[in-house]
Amino acid sequence: MPFIPHTETDVQQMLASIGVSDIAALFDEIPAELRIGSLDKIPTGLNEMAMSRLMHERAVAPQPLCFIGAGAYEHHIPAAIWEIVTRGEFYSAYTPYQAEASQGTLQLIYEYQTMMAHLTGMEASNASLYDGASGLAEAVLMAVRANRKSKSKRILMPATVNPAYRRVVQTIVENQGITLEPVDYQPGSGAIDTASLPAEPGDVAALVIPQPNFFGVLEEVNGLTDWAHAHGMLVIAVVNPTSLALLTPPGEWGEQGADIVCGEGQPLGVPLAGGGPYFGFMCCNLKHVRQMPGRIVGRTVDADGKPGFALTLQAREQHIRRSKATSNICTNQGLVVAAATIYMTLLGAQGLHRVALKSHQSSQALCEELQMIDGVTSAFSSASFHEFVIQFDGVSADEVLDRLLAEGVLGGFNLSADYPALGEAILVCATETKTEADIRAYQSALSRVMEKLKGGAA
Amino acid sequence: MPFIPHTETDVQQMLASIGVSDIAALFDEIPAELRIGSLDKIPTGLNEMAMSRLMHERAVAPQPLCFIGAGAYEHHIPAAIWEIVTRGEFYSAYTPYQAEASQGTLQLIYEYQTMMAHLTGMEASNASLYDGASGLAEAVLMAVRANRKSKSKRILMPATVNPAYRRVVQTIVENQGITLEPVDYQPGSGAIDTASLPAEPGDVAALVIPQPNFFGVLEEVNGLTDWAHAHGMLVIAVVNPTSLALLTPPGEWGEQGADIVCGEGQPLGVPLAGGGPYFGFMCCNLKHVRQMPGRIVGRTVDADGKPGFALTLQAREQHIRRSKATSNICTNQGLVVAAATIYMTLLGAQGLHRVALKSHQSSQALCEELQMIDGVTSAFSSASFHEFVIQFDGVSADEVLDRLLAEGVLGGFNLSADYPALGEAILVCATETKTEADIRAYQSALSRVMEKLKGGAA
Amino acid sequence: MTRNTIDQPQDGVIFEKSHRGRSNSCQAPQLNASETTAPLSIPASLLRKSAPLLPEVSEMQAVRHFTRLSQKNFSIDTHFYPLGSCTMKYNPRACNTLAMLPGFLNFHPLAPVETGQGFMACLYELQEILKEVTGMKAVSLTPMAGAQGEFAGMAMIRAYHDARGDTARCEVICPDAAHGTNPATAVMCGYKVKEIPTRADGDIDIEALKEAVGPQTAGIMLTNPSTVGVFERRITEIAKIVHDAGGLLYYDGANLNAILGKVRPGDMGFDVIHMNLHKTFSTPHGGGGPGAGPVGVSERLTPFLPVPMVDYRGDQYRWLTRKDRPQSIGQLSAFAGNAGVLMRAYIYARLLGREGMPRIAEYSVLNANYMMVELQKRGFDLAFPSRRATHEFIVTLKRQAKRLDVTAMDFAKRLLDYGYHAPTTYFPLLVPECFLIEPTETEDKETLDGFIDAMAKIQHEAETQAEMVRAAPYTLPSRRLDDVRAARELDIVWSSKE
Amino acid sequence: MTRNTIDQPQDGVIFEKSHRGRSNSCQAPQLNASETTAPLSIPASLLRKSAPLLPEVSEMQAVRHFTRLSQKNFSIDTHFYPLGSCTMKYNPRACNTLAMLPGFLNFHPLAPVETGQGFMACLYELQEILKEVTGMKAVSLTPMAGAQGEFAGMAMIRAYHDARGDTARCEVICPDAAHGTNPATAVMCGYKVKEIPTRADGDIDIEALKEAVGPQTAGIMLTNPSTVGVFERRITEIAKIVHDAGGLLYYDGANLNAILGKVRPGDMGFDVIHMNLHKTFSTPHGGGGPGAGPVGVSERLTPFLPVPMVDYRGDQYRWLTRKDRPQSIGQLSAFAGNAGVLMRAYIYARLLGREGMPRIAEYSVLNANYMMVELQKRGFDLAFPSRRATHEFIVTLKRQAKRLDVTAMDFAKRLLDYGYHAPTTYFPLLVPECFLIEPTETEDKETLDGFIDAMAKIQHEAETQAEMVRAAPYTLPSRRLDDVRAARELDIVWSSKE
Ligand SMILES: Cc1ncc(COP(=O)(O)O)c(C=O)c1O
Ligand SMILES: Cc1ncc(COP(=O)(O)O)c(C=O)c1O
């Protein structure tokens with residue numbers, strides 16, 4: 001029996017001790033009419049050999065050059081990370097409720113919190129939320145709770161926030177009567193036009209500011225932050241953690257800094273893996289820490305006075321506060337956070353800066369190369385981080401992407417559905433994984449594709 | 001600097017402490033004329049990202065269905081094995097000279113020794129030798145030392161021993177004046193003909209008996225063992241460890257059992273990996289243990305009387321006995337032994353028996369299928385384990401193998417070079433990894449190939 | 001002269017091992033000359049002024065630090081971990097190894113489905129398996145943990161009522177024994193929570209339920225077996241009461257171990273269920289996550305399932321989105337949830353197969369009943385002595401706490417010294433000084449016996465040297481930690497000042 | 001109340017956890033009916049009568065057992081390990097991860113080379129890298145450890161003399177400080193060993209050498225830097241003496257750390273060298289192996305290199321065998337040696353690159369000299385105080401042993417309590433009560449300082465509480481083990497009788 005150690009003798013001894021004749025007797029409290037026979041639609045068990053063969057076959061997939069970003073980014077992942085993270089002691093441990101038996105996990109989270117606080121320029125960090133999108137939803141809920149000056153449940157949610165994030169936030173917050181009000185971007189720059197923000201926005205709980213925004217474009221975060229604070233709103237920053245090695249940390253935006261910082265942790269050493277598990281991070285300053293959802297680890301001392309670590313501020317959480325908790329979150333993304341912690345440790349500030357810079361430079365170079373192709377134009381004029389939007393003149397973005405795939409290139413993310421105003425446009429990403437040869441390969445593949453499509457059209 | 005932690009400040013402090021001005025000064029005892037400039041023919045360093053990409057590219061290889069055995073066998077390897085073996089504490093530990101700081105490795109080897117002793121039916125096992133072939137060479141040297149009744153340096157080495165093993169033994173023992181004398185096999189059975197062994201073999205140190213032999217055929221080990229002992233020879237058994245779950249252990253061969261047992265440990269959870277690292281195992285009875293080469297772990301007690309483990313009988317080894325040691329071996333194949341130990345633990349006697357039986361049955365089934373093809377005959381009539389020899393009528397074995405490869409099948413090992421008398425013949429293996437569909441796939445590929453070749457010939 | 005008397009050189013937080021200027025260049029990309037010197041196109045006002053404080057250590061320092069940290073944990077791979085309601089069973093290593101094949105890890109979630117057919121095939125088949133095992137009509141895999149599954153479930157109940165214009169239903173009923181996520185989730189979905197009591201025999205107080213339901217009832221959140229470790233015998237009756245009142249039934253399926261292949265929530269009359277794959281389907285807990293909390297629904301809730309789901313038609317797997325399912329409550333994550341966790345659960349499910357699933361129920365229930373009976377024989381008090389255990393059961397140490405002033409927490413900490421992780425303590429809240437004990441099916445009898453012995457020894461210690469027990473543990477990396485100080489003198493981010 | 005006072009439930013050998021009839025069916029192949037019942041074609045006389053005693057445990061028991069065992073080891077990933085002559089440096093994890101890509105693991109050694117071109121490209125390039133770094137003309141990668149590399153080297157020297165009909169050369173010279181494998185190897189190649197002494201300054205006694213050489217001299221086996229941790233300054237002169245006598249020079253290159261990219265054995269006049277890739281090229285030691293001991297040779301020994309080697313011509317990598325190289329000493333392993341170890345060394349070499357190699361020499365030598373000087377300042381005696389350290393150096397505790405009756409072994413065991421692996425003790429044999437200390441380049445200054453402090457503390461303990469030091473260690477899984485009993489009451493195979 002796979003994974004079950006019992007021998008026939010064991011079973012007999014145990015049944016005798018219990019005082020029943022067979023295992024079936026242990027289910028005698030279940031009404032007979034509810035009991036089922038066999039699970040016919042489930043295949044019979046495979047042994048590990050057969051399963052391994054099946055999975056190896058399924059894992060054989062074309063491995064095209066990937067220039068898609070749009071919220072999940074291909075970065076180099078040091079081998080040490082997952083070799084350590086999958087050690088049984090991290091992999092198969094539970095949530096560190098018994099602190100004395102969980103010092104490894106607890107200290108690691110404390111170190112993670114420290115790194116995230118420094119990266120974002122904030123005073124506190126939690127131990128993770130599910131992902132960037134649901135993390136933003138939690139940030140919205142937190143802002144409504146935390147903004148003492150406002151009674152409003154209105155949130156300003158710019159159109160430059162990842163559309164998938166906006167959809168997730170909508171799903172999660174709508175039942176609590178919170179409304180998300182759009183803020184448009186300037187078509188030329190691809191960023192929110194600070195100048196055209198309303199002088200009287202009314203009572204609003206918070207403004208969400210993405211940096212970089214979904215187009216890869218950098219927002220005027222300082223002006224936006226000051227404007228929001230001037231109108232009694234809190235500022236929720238949604239940031240790419242890699243970019244923070246290069247860009248002003250949210251804690252330093254404008255005069256007072258952002259109030260809540262969240263984002264997707266995947267770029268920090270987590271594989272693409274079809275979309276997860278990733279993790280959402282969240283930071284704030286100490287004055288708001290009691291409104292923050294998610295676990296938090298604190299350093300304390302043990303009975304001998306030696307430093308040690310334990311979960312703290314648990315009164316915010318559902319297992320203590322139940323219906324009054326800051327969130328229903330319980331299981332979070334611990335193991336992925338362990339990976340990110342080791343990633344940040346292996347890279348250090350200097351390494352992460354180089355990743356950010358190289359990604360920026362690669363995407364700049366790629367953008368320049370692609371624009372030189374006939375029928376391809378860059379959509380926005382503003383500075384960007386490591387993504388950019390290109391528009392196709394007279395050819396369908398879907399068609400272009402299909403043909404690029406045939407050439408072994410994943411060309412980008414099609415924006416037409418989410419941003420019809422952009423026409424046939426795609427979002428393209430290049431990180432530090434892309435060499436000059438890769439960039440040339442994309443350029444020449446797209447040249448060929450455009451030539452064929454334009455030729456066909458002519 | 002990859003892997004070097006020193007900062008400029010560290011270096012300056014250390015140089016100051018030493019009292020030199022720069023690192024170059026530390027090399028001042030090396031005569032100037034010997035110092036070199038740069039290593040021009042070595043490429044400049046790659047970072048891990050670039051190296052990882054290169055290796056992923058190189059690891060993409062066609063993965064044909066493999067029916068080659070001939071000393072290296074494809075078996076299912078439970079995932080748990082290498083996840084545990086590559087844990088830093090096993091992977092990056094040294095030889096367990098400091099016993100108190102190496103109880104993990106030491107206990108594991110003690111457990112390994114126990115398993116191997118039971119599997120082979122002997123009283124003692126060492127902690128490994130390099131591989132099966134060099135292990136056989138060590139067994140030959142040991143037999144010459146251990147055979148008190150004989151002054152001879154003659155060894156009987158049947159032609160049914162793996163030819164690669166015979167070559168390795170030759171290389172290793174020839175400088176000590178040991179001669180290897182062939183024993184032929186019976187063309188019909190593929191095994192040594194016990195009946196035709198000389199009545200007066202003269203003074204011979206040992207007879208080597210392979211089981212199964214290189215053709216996959218089972219030798220008459222009982223008769224051979226008794227004959228050897230009757231003539232004052234020791235018996236060296238070279239065995240496949242998987243087969244021992246099914247076959248008489250060497251310790252029970254004939255009246256008295258084999259004297260030295262060795263073989264290749266690779267089938268026990270070790271990947272093919274281009275030929276290594278594998279490991280050689282060696283077992284004997286206690287009366288010969290002081291002649292055995294290689295490390296041995298013993299159980300003892302610590303200062304508190306608690307059981308613990310330590311290397312023992314080290315007086316056999318080069319670091320103590322130097323030129324009088326039983327062998328020059330020092331580093332062995334520890335980590336691979338760890339894998340084999342976990343393999344045997346996960347499989348247990350019952351699992352290993354099933355692996356052996358299934359491999360046997362698969363190869364029997366395949367042999368029957370292949371023989372039905374026109375122009376293909378089975379070479380030998382004797383019982384076999386999980387390999388067999390087929391001969392091609394009028395077509396070249398090389399040609400057949402090439403065409404099978406084009407069909408995605410590695411058809412077997414070409415015997416023509418080592419055994420010209422067999423004509424165009426190959427050695428074929430099927431283990432428990434081969435499904436009925438795989439067997440049919442081979443059958444139909446070979447049918448097509450033979451049809452084409454015979455058609456072409458006609 | 002113990003391990004603790006000499007500070008080990010590798011102790012301390014990673015920042016204390018950091019050294020300014022130390023770099024680990026093997027992991028950083030190389031920049032060519034133009035890339036380092038070229039003026040950035042980013043305006044200075046948006047650039048960071050000073051580098052963040054991240055550790056500056058060598059790769060070996062990092063490996064050593066985190067390897068040593070890992071050794072300070074208890075885990076399934078090293079200890080018996082009978083944590084009730086958490087299902088700490090063996091996580092087969094193959095699930096990890098196979099889910100991490102390079103071909104799976106490189107699949108971008110927004111890449112064309114052609115490049116991920118093998119991956120999506122696994123998800124599709126997992127949907128089918130979960131449908132069958134729960135008896136529900138359709139499954140969405142996307143929730144990222146149990147609590148998010150609960151959210152999805154309650155949001156669907158709300159969407160269902162709303163779709164019918166039945167908008168006055170503002171209340172959700174929960175038993176007092178419910179897991180904290182249940183009331184918290186109901187609130188996130190805009191509901192008020194009404195608690196109903198548990199009877200002395202562990203079942204729900206049906207009279208109280210009858211009184212609680214009404215036109216304001218959106219639904220009820222139940223676990224069966226309940227969090228007190230017994231099977232709710234009158235479940236069909238309960239379903240009828242709630243349905244008759246117009247409410248729907250939510251099944252908190254965090255712990256399916258005891259019923260897998262034996263009885264199905266769909267057959268009991270539930271409208272929606274979430275499952276914790278990180279419990280029943282043995283994906284690793286990872287020191288706190290990630291998990292996966294798929295939801296299954298009956299016919300009437302099917303249109304509302306969260307997206308994406310995986311569809312198979314003709315010969316291609318594809319994602320179903322809001323476009324395909326306009327009534328969906330929507331997306332819960334940016335992509336498809338914790339896909340890698342789902343892969344591990346899929347592999348586990350296939351290794352078990354149809355015959356393996358009921359076996360889990362049988363042996364997890366056998367282990368729990370055995371431990372329950374044996375502990376009772378050794379003099380421990382059961383919370384529900386008249387009942388069978390399911391996959392778990394409750395011991396109450398109220399007597400010990402009163403008589404000897406040795407609490408459940410003291411027992412828990414002392415168990416750590418004996419090499420056993422403590423059971424769940426102080427949950428469910430309604431049983432005083434409780435241990436919720438869940439051995440799971442993957443533990444052998446010797447281990448259970450060892451734990452029972454340790455409990456008996458600690459009981460004896462409590463009687464003869466209570467002081468000692470109260471100060472446990474002694475043999476772990478830390479002695480008992482000061483939780484109160486942790487919350488009062490908040491130190492949640494390291495700083496070099498101290 | 002220490003960890004040791006309570007027996008942990010998971011202690012004991014695996015056989016004690018075994019339970020007859022327990023099976024782990026997930027790992028065993030399924031047999032169909034005909035396969036289990038069909039009469040075997042194997043005669044009964046060749047069949048096993050009773051099953052071997054192998055553990056019968058569940059997969060989880062196995063994982064738990066071996067995971068816990070691993071935690072009882074010191075290792076580079078957890079501890080500073082300054083074991084002289086062993087080069088315990090960081091083993092980059094990428095070397096393991098990348099060498100274990102499925103595409104490499106599945107390559108059968110006898111498969112057509114078309115199916116392993118990527119694999120063979122790595123081996124070929126490694127040959128080229130090792131040629132360049134040693135200054136030799138050709139390299140064969142096949143020896144499976146240092147000792148087998150030595151064997152290959154000495155067998156080539158013999159083949160060379162034999163090929164010239166120069167068959168009277170029956171003696172090999174070794175310094176008394178040589179590693180034990182050197183004399184043992186010479187004997188395996190049919191030679192007698194002549195030892196020559198080391199002078200007080202650590203160099204070889206050249207006068208003794210002159211006297212030792214003659215027409216009977218087949219060659220000399222040297223290490224430079226020598227095993228006493230100093231660079232042999234008169235190496236060119238030594239080479240001339242041996243060559244003039246008709247002998248050849250063997251270089252034991254087990255430890256190249258100190259000279260990598262600085263000076264090359266080929267340039268010193270050596271005819272053959274073996275390298276320990278498991279030291280200088282940082283492949284893991286694995287608790288005793290596997291290693292890899294490639295050999296490099298000068299022009300005149302090239303024909304004799306062991307096979308296989310990898311050749312590249314046109315556009316395919318192929319194996320060179322005896323057929324291609326008829327004068328080869330032959331094969332040393334059934335296939336191509338410890339190929340997976342070679343892959344790891346190749347990856348390491350490429351990560352270092354040409355600029356990384358001399359850096360290893362520089363920083364390993366810096367670390368050794370720093371420790372040597374600092375230990376001397378703390379009052380420890382150096383074996384060769386007049387010399388620079390190379391990658392390692394020797395401290396002698398003769399004074400402590402005499403005066404305080406605290407031996408090098410006592411210091412070693414007490415260091416374990418302080419969280420440091422002990423240096424190599426009692427090797428080389430000619431220095432009494434010695435510590436051969438090799439910090440390697442991958443350790444940081446804080447770690448070296450910590451070790452130096454620990455040595456000073458132990459020195460103080462030795463003066464004030466010698467008894468305590470003599471009974472160390474205290475904090476490890478075992479107290480000091482009884483080696484004598486291990487050999488006298490031989491227990492090398494577990495049996496259930498006890
Ligand atoms: C009964 C019950 N419900 C819900 C949950 C919440 O699941 P999760 O932690 O995955 O959010 C848990 C587990 O913690 C549980 O035990
Ligand atoms: C100087 C020296 N020579 C030879 C050897 C033998 O190498 P191996 O253990 O790989 O056989 C060693 C290492 O143990 C050594 O240090």
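Naming: A, B, ... by sequence-line order, numbering from 1 per chain.
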When you measure from the side chain of [X] to the backbone of [Y], do you find a donor-acceptor pair of N or O atoms at a distance under 3.5 Å?
{"X": "A:Asp131", "Y": "C:Ala334", "result": "yes"}
{"X": "A:Asp302", "Y": "C:Leu481", "result": "no"}
{"X": "A:Gln333", "Y": "C:Gly289", "result": "no"}
{"X": "C:Asn73", "Y": "A:Thr105", "result": "yes"}
{"X": "A:Arg58", "Y": "C:Phe119", "result": "no"}
{"X": "A:Asn328", "Y": "C:Ala147", "result": "yes"}
{"X": "C:Asn24", "Y": "A:Leu346", "result": "yes"}
{"X": "C:Arg48", "Y": "A:Leu119", "result": "yes"}
{"X": "A:Thr300", "Y": "C:Asp483", "result": "no"}
{"X": "C:Glu132", "Y": "A:Lys41", "result": "yes"}

**Report entry** A:Ile36: partners by side chain to side chain contact (heavy atoms under 4.5 Å, CB included), with sequence neighbours left out
**Finding:**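 With neighbours one apart ignored, the set is A:Leu39, C:Arg264, C:Asp267.
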
Query - Those residues that, when tested against A:Thr331, pass side chain to side chain contact (heavy atoms under 4.5 Å, CB included) (two or more places apart) - result: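 Testing A:Thr331 for side chain to side chain contact (heavy atoms under 4.5 Å, CB included), a comparison that skips the adjacent residues, returns C:Ala145, C:His278.
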
Report task. Could you give me the CA-CA distance, side-chain angles and deciding distance for C:Leu101 and A:His56, then say whether side chain to side chain contact (heavy atoms under 4.5 Å, CB included) is met? Result -> CA-CA 7 Å; C:Leu101 288 172; A:His56 275 91; 3.5 Å; yes

Less than 4.5 Å to any heavy atom of chain A: does that hold for the side chain of [X], its backbone, both, or neither?
{"X": "C:Tyr90", "answer": "side chain"}
{"X": "C:Ala186", "answer": "neither"}
{"X": "C:Val263", "answer": "both"}
{"X": "C:Met144", "answer": "both"}
{"X": "C:Arg322", "answer": "neither"}
{"X": "C:Leu83", "answer": "side chain"}
{"X": "C:Leu351", "answer": "both"}
{"X": "C:Tyr81", "answer": "side chain"}
{"X": "C:Arg158", "answer": "side chain"}
{"X": "C:Thr78", "answer": "side chain"}
{"X": "C:Val133", "answer": "both"}
{"X": "C:Pro473", "answer": "side chain"}
{"X": "C:Asn367", "answer": "both"}
{"X": "C:Ile347", "answer": "both"}

Heavy-atom pairs under 4.5 Å with chain C are the metric here; pick the option from [options] that has the most.
{"options": "A:Val289, A:Thr341, A:Val301", "value": "A:Val301"}
{"options": "A:Leu108, A:Ile320, A:Ile329, A:Val221", "value": "A:Leu108"}
{"options": "A:Ala383, A:Gly177, A:Pro277", "value": "A:Pro277"}
{"options": "A:Arg167, A:Gln361, A:Glu111, A:Gln103", "value": "A:Glu111"}
{"options": "A:Ala59, A:Ser128, A:Ala164", "value": "A:Ala59"}
{"options": "A:Thr95, A:Thr248, A:Val60, A:Leu218", "value": "A:Thr248"}

Hey, what do you get for [atom1] ([X]) to [atom2] ([Y]), rounding to the nearest 0.5 Å?
{"X": "A:Glu89", "Y": "C:His79", "atom1": "CD", "atom2": "NE2", "value": "9.5 Å"}
{"X": "C:Phe335", "Y": "A:Glu264", "atom1": "CZ", "atom2": "CD", "value": "7.0 Å"}
{"X": "A:Thr345", "Y": "C:Glu56", "atom1": "OG1", "atom2": "CD", "value": "11.5 Å"}
{"X": "A:His360", "Y": "C:Ser41", "atom1": "NE2", "atom2": "OG", "value": "3.5 Å"}
{"X": "A:Ile23", "Y": "C:Tyr363", "atom1": "CD1", "atom2": "OH", "value": "4.0 Å"}
{"X": "A:Trp82", "Y": "C:Met100", "atom1": "CH2", "atom2": "CE", "value": "5.5 Å"}

So [Y] and [X], do their side chains get closer than 4.5 Å, heavy atoms only?
{"X": "C:Ser45", "Y": "A:Asn222", "result": "yes"}
{"X": "A:Ile296", "Y": "C:Leu490", "result": "no"}
{"X": "C:Phe107", "Y": "A:Cys66", "result": "no"}
{"X": "A:His6", "Y": "C:Leu366", "result": "yes"}
{"X": "C:Asp444", "Y": "A:Asp10", "result": "no"}
{"X": "A:Cys330", "Y": "C:His179", "result": "yes"}
{"X": "C:Ser333", "Y": "A:Tyr130", "result": "no"}
{"X": "C:Pro290", "Y": "A:Leu335", "result": "yes"}

Query - Derivation and outcome, side chain to side chain donor-acceptor pair (under 3.5 Å), residues C:His421 and A:Gln98 - result: CA-CA 8 Å; C:His421 196 280; A:Gln98 289 291 345; 5.6 Å; no

Query raised in the report: When you look at C:His285 and A:Ser92, which way does the side chain to side chain contact (heavy atoms under 4.5 Å, CB included) test go after all the steps?
Result: CA-CA 6 Å; C:His285 276 95; A:Ser92 75; over 6 Å; no

Report task. Decide, yes or no, whether a salt bridge links A:Asp28 with C:Arg388 under the criterion of side-chain N to carboxylate O below 4.0 Å. Result ->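 Counted as a salt bridge, because a side-chain N and a carboxylate O are separated by less than 4.0 Å.
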
Query - Salt bridge present between A:Glu100 and C:Lys413 (N-O < 4.0 angstrom) - result: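 Judged by the 4.0 Å cut-off on N to carboxylate O distance, A:Glu100 and C:Lys413 do form a salt bridge.
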
Report task. Identify whether NZ of Lys or CZ of Arg in C:Lys262 sits under 6.0 Å from the centre of the six-membered ring of A:Phe27 and within 45° of that ring's axis. Result ->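 Pair C:Lys262/A:Phe27 counts as cation-pi.
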
Report task. Go through the steps to decide whether A:Thr44 and C:Glu355 satisfy the test side chain to side chain donor-acceptor pair (under 3.5 Å), and finish with yes or no. Result -> CA-CA 6 Å; A:Thr44 54; C:Glu355 68 283 17; 5.1 Å; no

Report task. Sort A:Tyr165 into side chain, backbone, both or neither according to what part of it lies under 4.5 angstrom from a heavy atom of chain C. Result ->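 Side chain only.
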
